[in-house]
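Since the model is a prediction, treat every value here as computed from it, not as a measurement.
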Amino acid sequence: MSSHLHIEIYGQGKTVVLLHGWAMHTGVWRDFAIQLAQQARVICIDLPGHGRSISQHPFELQLIAAQLVEALDEAPCYWLGWSLGALVALEIVRQYPEKVRGLILLAGTPCFVKKINWAGMDRALLEKFADNLLANPQATVIHFLAIQIYGLEESKQFSRALTTRVAECAAPNPEVLQAGLMILKNQDLRPALVSIHCPVLTILGKRDALVPVGVAVHLQQLLESLQVVTLDKAGHVPFLSHADETTWIVIDFLNAT
């Protein structure tokens, strides 16, 4: 395994690789990973330039996918991508289908920006984040964290927990953060989803302020075999706010495939 990317491994059984979201690192879901590891072998990896991983190349989707596959050198396994990590997971399926046994999109879609007949984020919101990063990177990341738990019951508790976990590591440098936003803004991997042959599960929160739950209909139109599970009171971080439910949804998917 690569010494340039930080990797944590827990448990035994079917292997699931967890890919975190924008500006995050593996610490953000370590408790969830340990819980999931009671039923599976869980690999957490910091994306290049995030957490404790070193950035050696431009933060571009194709290069990220190649670095992760090379670093892990795993037999076909399950890839679970959260938010930005969902795009990374989809790119891995696109480039290296032989490495993927199953795909789980957690609060993530192949296209994050709203388009005709496609539910998504307003492009203006991502552009605002990009502009704010230039002025105040730290405040922008904090604002992004707040959006992820907005409207949830016990939001203050979740906000403290999320902020504490993210603070384990320094934030990525502004160039990496900007590049990540550009991926969210510009990438459209819907063609990759259409051509997928492995089992696919999508977990969405009905209160997600970043990934509208309405995208579920569009996803199933693209891939009829895709399984969608929605959590009524969850937002953008169901692995934190609904850890037990999310864990068992993932385990059921692993057991069924």
Side-chain angles (χ1 to χ4, degrees), residues 19-29 46-55 57-64 81-91 105-115 118-152 155-189 204-205 207-215 234-241:
L19 305 177
H20 61 77
W22 181 77
M24 305 292 150
H25 54 80
T26 58
V28 76
W29 55 14
D46 286 343
L47 297 181
H50 292 69
R52 297 175 177 86
S53 286
I54 297 172
S55 181
H57 306 280
F59 193 75
E60 298 173 357
L61 204 55
Q62 291 186 7
L63 292 174
I64 298 166
W82 166 53
S83 197
L84 171 64
L87 287 173
V88 178
L90 273 164
E91 180 64 16
L105 306 178
L106 179 60
T109 78
C111 180
F112 274 78
V113 175
K114 185 186 336 182
K115 297 180 182 290
W118 185 261
M121 295 175 63
D122 287 331
R123 178 178 291 270
L125 179 59
L126 284 172
E127 291 174 346
K128 183 177 180 181
F129 272 119
D131 291 341
N132 290 343
L133 269 176
L134 298 175
N136 194 329
Q138 183 178 10
T140 303
V141 172
I142 291 173
H143 183 206
F144 184 72
L145 293 177
I147 290 177
Q148 295 185 45
I149 48 87
Y150 176 77
L152 298 184
S155 60
K156 290 184 179 179
Q157 174 186 336
F158 295 135
S159 178
R160 286 194 298 270
L162 189 58
T163 301
T164 299
R165 295 173 193 187
V166 172
E168 288 181 13
C169 299
N173 67 51
E175 291 76 15
V176 170
L177 290 174
Q178 285 283 3
L181 284 180
M182 292 304 100
I183 290 173
L184 290 171
K185 178 181 173 181
N186 298 322
Q187 289 293 331
D188 187 345
L189 292 180
L204 300 172
R207 298 185 181 181
D208 193 334
L210 297 175
V211 178
V213 71
V215 78
H236 197 62
V237 285
F239 62 88
L240 177 62
S241 63

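- Taking K115 as the reference, nothing meets the side-chain hydrogen bond (donor to acceptor under 3.5 Å, both in side chains) condition, with sequence neighbours excluded.
- For H20, the ring-ring contact (aromatic ring centres under 6.0 Å, His included) criterion is met by H50, not counting sequence neighbours.
- A salt bridge (charged side-chain N to carboxylate O under 4.0 Å, His left out) check over residues 124-141, counting only residues at least two apart or in different chains, returns the pairs E127-K185.
- In terms of the salt bridge (charged side-chain N to carboxylate O under 4.0 Å, His left out) criterion, residue partners of E168 (sequence neighbours excluded) are, by chain and number, R30.
- With sequence neighbours excluded, the residues forming a side-chain contact (heavy atoms from CB on, under 4.5 Å) with A89 are L19, W79, L103, listed by chain and number.
- Here D188 pairs with R190 under the side-chain hydrogen bond (donor to acceptor under 3.5 Å, both in side chains) rule; sequence neighbours left out.
- Among residues two or more places apart in sequence or in another chain, the side-chain contact (heavy atoms from CB on, under 4.5 Å) test is passed with A171 by none.
- The shortest side-chain heavy-atom distance between S53 and L47 does not fall under the 4.5 Å cut-off.
- Side chain of T163 to backbone of R165: no donor-acceptor contact under 3.5 angstrom is found.
- The shortest heavy-atom contact between F112 and L84 is CZ-N, 4.1 Å.
- Going from atom OG1 of T109 over to atom CG of L87 covers 6.5 Å, rounded to the nearest 0.5 Å.
- Under the 3.5 Å distance criterion, the side-chain polar atoms of N173 are matched with a main-chain donor or acceptor of V176.
- Checked by atom type and distance alone, the side chain of W29 never pairs as donor or acceptor with a backbone atom of F239 at under 3.5 Å.
- Taking both residues in full, the closest heavy atoms of V113 and L184 are given as CG2-O, 3.6 Å, listed atom of the first, atom of the second, then distance.
- When the side-chain contact (heavy atoms from CB on, under 4.5 Å) test is applied to A119, the partners found at least two apart in sequence or on another chain are P212, V215, H218.
- Remark: F129 pairs with H143, F144 by the ring-ring contact (aromatic ring centres under 6.0 Å, His included) rule, at least two apart or across chains.
- W82 contributes no side-chain N or O that, together with a main-chain N or O of G108, makes up a donor-acceptor pair within less than 3.5 Å.
- Expressed to the nearest 0.5 Å, how far CG of N132 lies from CG of L181 amounts to 10.0 Å.
- The minimum heavy-atom distance linking V166 with H25 is given by the pair O-NE2, 2.9 Å.
- Side-chain atoms of E91 and I64, non-hydrogen and from C-beta on, never get closer than 4.5 Å to each other.
- A donor-acceptor distance shorter than 3.5 angstrom exists from the side chain of Q178 to the backbone of A130, with no hydrogens or angles considered.
- In this structure, L177 and A23 approach most closely via the heavy-atom pair CD2-CB, 3.6 Å.
- Taking the side chain as every heavy atom from C-beta outward, L105 and L90 approach each other to under 4.5 Å.
- Residues forming a side-chain hydrogen bond (donor to acceptor under 3.5 Å, both in side chains) with S83 (at least two apart in sequence, or on another chain): H236.
- Under the rule for a side-chain contact (heavy atoms from CB on, under 4.5 Å), the partners of P58 that lie at least two apart in sequence or sit in another chain are E60, L63.
- Smallest separation of non-hydrogen atoms from P172 and G49: CB-O, 3.4 Å.
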